[in-house]
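Below is one structure, written out as structure tokens, with a few remarks after it.
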Protein chains: 2
Amino acid sequence: MAKAQTTTNVVSFAQSSTACKKCSLHVMCGGEGAQGRSVFSQKSCGHNGRVIDRGEYLFRQGDRMQALYVIRSGTVKATISASDGTEQVIRFYLSGDVVGLDALGEQRHVSSAQALETTSFCRFALAEIDEGCARAPSAVRQFMRIAGEELAHEEQHAMLISQRDAEQRMAMFLLQLSEQYGRRGYSDREFNLHMSRQDVASFLSLAVETVSRIFTQFHVNGLLKVERRHIRLLSLEKLREVVGVPAGALPAGKSQHYAQGLN
Amino acid sequence: MAKAQTTTNVVSFAQSSTACKKCSLHVMCGGEGAQGRSVFSQKSCGHNGRVIDRGEYLFRQGDRMQALYVIRSGTVKATISASDGTEQVIRFYLSGDVVGLDALGEQRHVSSAQALETTSFCRFALAEIDEGCARAPSAVRQFMRIAGEELAHEEQHAMLISQRDAEQRMAMFLLQLSEQYGRRGYSDREFNLHMSRQDVASFLSLAVETVSRIFTQFHVNGLLKVERRHIRLLSLEKLREVVGVPAGALPAGKSQHYAQGLN
DNA sequence: CGGTTTTTTGAATATATTCAAATTGAGTGG
DNA sequence: CCACTCAATTTGAATATATTCAAAAAACCG
């Protein structure tokens with residue numbers, strides 16, 4: 001189950017230079033110049049690339065932190081298990097996501113990260129990151145940015161999860177996935193779930209049965225077609241209605257916030 | 001409601017040098033030396049100190065980020081409001097906590113931060129932080145640490161919230177507060193809630209009525225004495241039992257994690 | 001193809017919510 | 001200082017929603 005495969009190369013790392021330019025840890029990768037980012041665009045970052053099979057772990061809860069990871073392709077789920085044994089999925093990572101940030105605090109991973117399918121990723125050793133930050137001030141900034149995004153993401157997820165009912169959570173989950181796939185150039189209407197119903201249930205804090213029921217309910221109501229792991233969204237609009245958000249949700253806050261007193 | 005008070009000084013900033021040494025953004029404060037931390041111990045960091053009254057905001061959701069804040073004394077609640085108007089408390093900050101990290105991503109605050117009582121804090125302008133990071137490599141590391149802790153905290157909270165029932169959440173909430181107060185030198189058995197029942201309910205994703213009911217339930221069962229906002233915990237042990245965690249919970253992960261394949 | 005796991009479906013139950021109303025407390029102005 | 005209003009909290013009863021238990025069906029694995 002946990003044997004490294006050396007033969008199969010799911011992703012060609014050679015062709016990755018364009019993808020690398022969009023990588024959020026790109027600045028950590030190579031080059032010694034502080035300013036010109038264009039320096040990096042010539043380099044392939046593939047030297048960091050690795051692949052793991054489904055079921056294998058990037059790291060486990062409690063492990064001493066050694067690196068950060070950026071997903072190139074595949075899907076990873078992050079889980080936290082409490083001392084009483086209960087385990088919960090707290091996040092799914094797709095390509096482009098940075099994994100492992102939560103360990104920056106105590107230098108130990110608070111969650112486990114497991115591949116749900118064959119997954120390729122880049123590994124950034126802590127030392128590399130330190131170097132990168134020391135070399136380029138922009139790296140520090142970039143790093144802060146990533147951490148902030150992750151934090152904001154987490155807060156918003158917590159908010160969404162706990163305030164909505166089962167239907168809304170499911171709709172939200174699907175819309176989120178749709179958006180993520182869309183942003184990465186895949187179809188936002190049709191995709192495969194790489195996670196089990198159990199995983200989805202855990203992520204949304206629902207019972208497996210409930211997840212199953214709502215899938216069929218959505219299917220019956222014509223919101224989507226579901227066949228095993230294959231999902232085809234028939235109406236993003238209706239899904240959005242289910243979530244209960246009339247206009248734009250998270251994407252852009254067009255609210256009219258007033259000025260604060262002192263700060 | 002939002003007038004700055006110039007007369008009252010709740011906290012003497014002069015006496016704060018010892019507290020400052022423990023501040024997690026201490027390294028950002030003054031001094032130009034890169035290494036010797038002892039340099040800073042002489043300085044009072046009070047020059048950053050500010051005070052706001054109950055009800056005032058540190059910042060509001062959507063505001064452009066200008067600074068990070070460290071609470072010196074008082075209580076702050078962070079809320080997120082969705083586009084449909086629903087608002088949720090996502091966190092309470094006490095003295096020593098760093099507020100505003102979630103804005104590091106998009107440079108805009110994802111949540112609002114409002115004082116629940118007269119609150120004093122230090123303000124670290126973004127520029128200061130950049131400087132600090134540029135000056136001292138340790139500052140970068142420290143910063144990463146804070147961000148990581150915050151992230152881990154958020155993940156664990158999400159985990160706890162969503163997997164437990166109302167009683168467990170309440171017990172958890174009280175134990176958490178108890179621990180936080182204890183860590184800060186206050187009594188961990190007796191304290192005042194600076195947040196309303198509504199705030200607690202929102203934070204735990206429960207109805208106000210449920211919070212109220214469980215308070216009285218705990219009271220009747222002898223777990224605590226509650227009178228309005230004043231809480232006196234009579235049995236931390238029983239509260240822990242309610243949460244359902246036999247041994248140690250979050251504090252230290254004594255689990256036997258195995259080595260990962262490659263990483 | 002047989003054994004095992006995952007997923008789906010059904011029915012009963014439980015838990016927290018909602019609605020409604022009473023009570024308490026805080027703040028204000030006379 | 002007291003009466004008053006308004007907001008927060010508590011309590012009760014009915015309801016609703018998701019869970020649990022149980023079992024069948026479908027998919028997966030070797």
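Heavy atoms only: backbone and side chains are in, while hydrogens, waters and symmetry mates are out. So you know, we letter chains A, B, ... as the sequences are listed, proteins then strands, and number each from 1. Please read these numbers as outputs of a predicted model, since none were measured by experiment.
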Next item on the list: Return the value, rounded to whole Å, for the distance between atom CD of A:Gln163 and atom P of C:dA16.
Entry: 17 Å

Check: Tell me: CD of B:Glu167 to C1' of C:dT17, nearest whole Å?
Finding: 16 Å

Next item on the list: State whether a side-chain donor-acceptor pair under 3.5 Å links A:Ser205 with B:Gln163.
Entry: no

Item checked: Interatomic distance where CZ belongs to B:Arg197 and P belongs to D:dT11 [whole Å] -> 10 Å

Note to self: If we count only N and O atoms by modelled type, under 3.5 Å, do the side chains of A:Arg197 and A:Ser212 hold a donor and an acceptor together?
What the structure shows: no

Notebook entry, point to check: Hey, is the side chain of B:Thr210 poking within less than 4.0 Å of OP1 or OP2 on C:dA16, counting only N and O atoms?
Noted result: no

Checklist line | Test ring pair (Phe, Tyr, Trp, His ring centres under 6.0 Å) applied to B:Tyr186 and B:Phe191, step by step | finding: CA-CA 8 Å; B:Tyr186 301 105; B:Phe191 45 81; over 10 Å; no

Note to self: Closer than 3.5 angstrom, by distance alone: can the side chain of A:Glu117 be matched with the main-chain N or O of A:Thr75 as a donor-acceptor pair?
What the structure shows: yes

Note to self: With the threshold set at under 4.0 Å for non-hydrogen atoms, list the residues of residues 211-230 of chain A touching DNA chain D in residue-number order.
What the structure shows: A:Arg213, A:Arg228

Item checked: B:Glu117 CD - C:dA26 C1' separation (whole Å) -> 18 Å

Item checked: Nearest-angstrom distance from the residue atom CZ of A:Arg164 to C1' of D:dA18 -> 18 Å

Next item on the list: Measure from CD on B:Glu209 to C1' on C:dT23 and round the result to the nearest Å.
Entry: 15 Å

With a 3.5 Å cut-off and sequence neighbours excluded, list the donor-acceptor pairs that the side chains of residues 222-236 of chain A form with protein atoms.
unit_1	atom_1	unit_2	atom_2	d
A:His230	ND1	A:Asn192	OD1	3.4
A:His230	NE2	A:Glu190	OE2	3.0
A:Ser235	OG	A:Glu237	OE1	3.4
A:Ser235	OG	A:Lys238	N	3.0

Item checked: A:Glu209/A:Arg213 ion pair, N-O < 4.0 Å -> no

Check: Expressed in angstrom and rounded to an integer, what is the separation of B:Leu193 atom CG from C:dG25 atom P?
Finding: 16 Å

Notebook entry, point to check: salt bridge (charged side-chain N to carboxylate O under 4.0 Å, His left out) between B:Asp199 and B:Lys77: does it pass, once the steps are laid out?
Noted result: CA-CA 9 Å; B:Asp199 286 336; B:Lys77 77 168 174 184; 2.8 Å; yes

Notebook entry, point to check: Salt bridge between B:Arg184 and B:Asp97, side-chain N to carboxylate O under 4.0 Å?
Noted result: yes

Next item on the list: Quick one: label B:Ser196 by what it contacts on the DNA or RNA (base, sugar-phosphate, nothing), any heavy atom closer than 4.0 Å.
Entry: sugar-phosphate

Check: A:Met170 has an atom CE; how far is it from atom P of D:dT17, in whole Å?
Finding: 17 Å

Check: Distance-only, no hydrogens or angles: does the B:Arg72 side chain make a donor-acceptor pair with backbone N or O of B:Ser120 under 3.5 Å?
Finding: no

Item checked: Net bend of the helix from C:dC1-D:dG30 to C:dG30-D:dC1, end axes of five pairs each, nearest 10 degrees -> 50°

